[in-house]
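Worksheet: the structure to be examined is printed underneath.
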Amino acid sequence: MMEEGPPNASQGRHGWVAARNGSGSSLGLESVVQPLTLNPWDVVLCISGTIISCENAVVVVVIFYSPAFRAPAFLLIGSLATADLLAGVGLILHFAFVYLSPPEAVSLLTVGLLVTSFTASVGSLLTITIDRYLSLYNALTYYSERTVTRTHIMLILTWGASICYGLLPITGWNCLKEPSSCSIVKPLMKNHLIILSVSFFMVFAVMLQLYVQICRLVCRHAHQIAVQRHFLATSHYVTTRKGIATLAVILGTFASCWLPFAVYCLLGDYSYPTLYTYITLLPATYNSMLNPLIYAFRNQEIQKVLWAVCCGCFSCAVPFRSRSPSDV
């Protein structure tokens, strides 16, 4: 995901030494190749990838191997966990390949995996937001076959677009032969990264608008229920505050993790010190680390299955009614 070394092992090592010294220029070749030292930033990214992989692997196993979790909302959460799992694996492979100096094609495949997985992660967050909004806006028709069809279409579009983005470096849209066209994340081209950044801002704008509408619908529903039950002062206030707080956590986490990197992708240049790329990229990886905590482990049905597994009394036929994704 960062700067991929050229095919020659000794040249790759010197290129990475230059990056670790915060300079975009390569060092002069010495008569003796010095051993490559570990970059602390790469180590931190690898640790993040390991935690991300472990967390999301649990979610993927629970959702895809439990027949009870076949509702559209859980399929979308499973899509998010799968994307984040691949992102974690990609970070681990990136760390390994940086110091093994693999063939150019392997490095490009790793970059493509990271682009695909992170794009699918952001896209899955958008599909979850759309599904939550529709579950409130069309509450009476949400539990129908049309919802299942719509969910499958959203998943196909999300993963199809993500795979297309990830294939661009592999199919020749990279800057290995033209360093002046590189972005802050080599070997991605500047135009490629601009497209990804603009897509992120569009996704964030749509999510912000939808969550504002969700907040209004939640407040309206809470008000109606409170009026019917004659305890407006307590129930309405508590429900509204809880809903707004949850939505603030969701949007705040997403924005704080991805906005610094997205902005730097637009403003940064390949000649800037790689330290800036590490500083903005690391928080973006934290989003994949926090997603299971926000979207999966908070869900009561998933909690029940996890507790059952921990107690050794797991049963795939755990009876429960799948809650609507609008539970905020």
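To the nearest 0.5 angstrom, C182 atom SG is 11.0 Å from L193 atom CG. Atom CG in L109 sits 11.0 Å away from atom CD in E104 (nearest 0.5 Å). Between atom OG1 of residue T277 and atom CD1 of residue I184 there is a gap of 4.0 Å, rounded to the nearest 0.5 Å. Here L80 contributes atom CG and N291 contributes atom CG; the two are 4.5 Å apart, rounded to the nearest 0.5 Å. Between the CG atom of L126 and the CE atom of M207 there is a distance of 7.0 Å, given to the nearest 0.5 Å. To the nearest 0.5 Å, atoms CG (N39) and SG (C46) are separated by 12.0 Å.
For R146, the CZ atom is loosely surrounded, since the number of other residues' heavy atoms within 6.0 Å does not exceed 12. Counted within 6.0 Å of OH on Y137, heavy atoms from surrounding residues, nucleotides or ligands total 12 or fewer; the atom is thus considered open.
Summarising the geometry of I63 relative to G78, their closest heavy-atom pair is CD1-N, 3.7 Å, with the distance given to 0.1 Å. Heavy-atom minimum distance, S197 versus A262: OG-O, 3.6 Å. The two residues L91 and L114 have their closest heavy-atom pair at N-CD2, 3.6 Å. Nearest heavy-atom pair, R132 versus Y295, reported as atom, atom and distance to 0.1 Å: NH2-CD2, 3.8 Å. Between S53 and I92, the shortest heavy-atom contact is OG-CD1, 3.9 Å. Here the shortest heavy-atom pairing between P187 and V111 reads CD-CG2, 3.7 Å.
Under a 3.5 Å cut-off, the side chain of K304 and the backbone N or O of N299 do not form any donor-acceptor pair. Remark: the backbone N or O of L188 is paired with a side-chain donor or acceptor of S183 at under 3.5 angstrom. For T253 (side chain) and I250 (main-chain N/O), no donor-acceptor pair under 3.5 Å exists by modelled atom type. Side-chain atoms of T147 come within 3.5 Å of backbone N or O of Y142 as a donor-acceptor pair. A donor-acceptor contact shorter than 3.5 Å links the side chain of R70 to the backbone of F64. In terms of modelled atom types and a separation under 3.5 Å, the side chain of T158 and the main chain of L155 share no donor-acceptor contact. With hydrogens and angles ignored, the 3.5 Å screen pairs no side-chain donor or acceptor of N138 with any backbone N or O of T141. Side-chain atoms of S121 do not come within 3.5 Å of backbone N or O of S117 as any donor-acceptor pair.
F204 and L267 fall within a single hydrophobic cluster, where Ile, Leu, Val, Met, Phe, Trp and Tyr are joined by side-chain heavy atoms under 4.5 Å apart, directly or via other members. The same ILVMFWY cluster, assembled from side-chain heavy atoms under 4.5 Å apart, contains both I194 and V263. Note on L157 and I77: separate hydrophobic clusters, where clusters join Ile, Leu, Val, Met, Phe, Trp and Tyr whose side-chain heavy atoms are under 4.5 Å apart, directly or indirectly. A continuous path of ILVMFWY side-chain contacts below 4.5 Å connects L266 to I195, so both sit in one hydrophobic cluster. A chain of hydrophobic side-chain contacts below 4.5 Å, direct or via other Ile, Leu, Val, Met, Phe, Trp or Tyr residues, connects V185 to L275.
Using a 4.5 Å cut-off on side-chain heavy atoms (C-beta onward), Y264 and L281 make no contact. Considering only heavy atoms from C-beta on, R150 comes within 4.5 Å of D131 through its side chain. At least one side-chain heavy atom of L38 sits under 4.5 Å from a side-chain heavy atom of F95. Residues P283 and F261 fail the side-chain proximity criterion, which asks for heavy atoms closer than 4.5 Å. When side chains are defined from C-beta on, I130 does not count as touching L76, because their heavy atoms never get closer than 4.5 Å. The shortest distance between side-chain heavy atoms of M189 and L168 does not fall below 4.5 Å. By the 4.5 Å heavy-atom criterion applied to side chains, F201 and L259 are counted as neighbours. The closest side-chain heavy-atom distance from D84 to E55 is not below 4.5 Å.
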Side chain to side chain contact (heavy atoms under 4.5 Å, CB included) between I294 and F254: does it pass, once the steps are laid out?
-> CA-CA 11 Å; I294 296 175; F254 182 62; over 6 Å; no

Go through L113 and H94 one step at a time and tell me if the side chain to side chain contact (heavy atoms under 4.5 Å, CB included) criterion holds.
-> CA-CA 10 Å; L113 173 62; H94 161 73; over 6 Å; no

Kindly indicate, with the supporting measurements, whether the criterion side chain to side chain contact (heavy atoms under 4.5 Å, CB included) is fulfilled by E301 and F74.
-> CA-CA 10 Å; E301 281 71 37; F74 291 110; 4.2 Å; yes

Take W159 and S79 through the test side chain to side chain contact (heavy atoms under 4.5 Å, CB included) and record every step on the way to the result.
-> CA-CA 9 Å; W159 282 94; S79 171; 2.9 Å; yes

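Taking the six-membered ring where the residue is Trp, Y276 and Y272 present perpendicular rings, their angle passing 60° and hence far from 30°. Ring-plane geometry between W258 and F118 is classed as perpendicular, the angle between the planes exceeding 60 degrees on a 0 to 90 degree scale with a lower cut at 30.
Grouped with I156 in a hydrophobic cluster is no other residue, since no side-chain heavy-atom contact under 4.5 Å to another Ile, Leu, Val, Met, Phe, Trp or Tyr is found.
Listed by chain and number, the residues in a side-chain hydrogen bond (donor to acceptor under 3.5 Å, both in side chains) with S199 are Y165 (sequence neighbours excluded).
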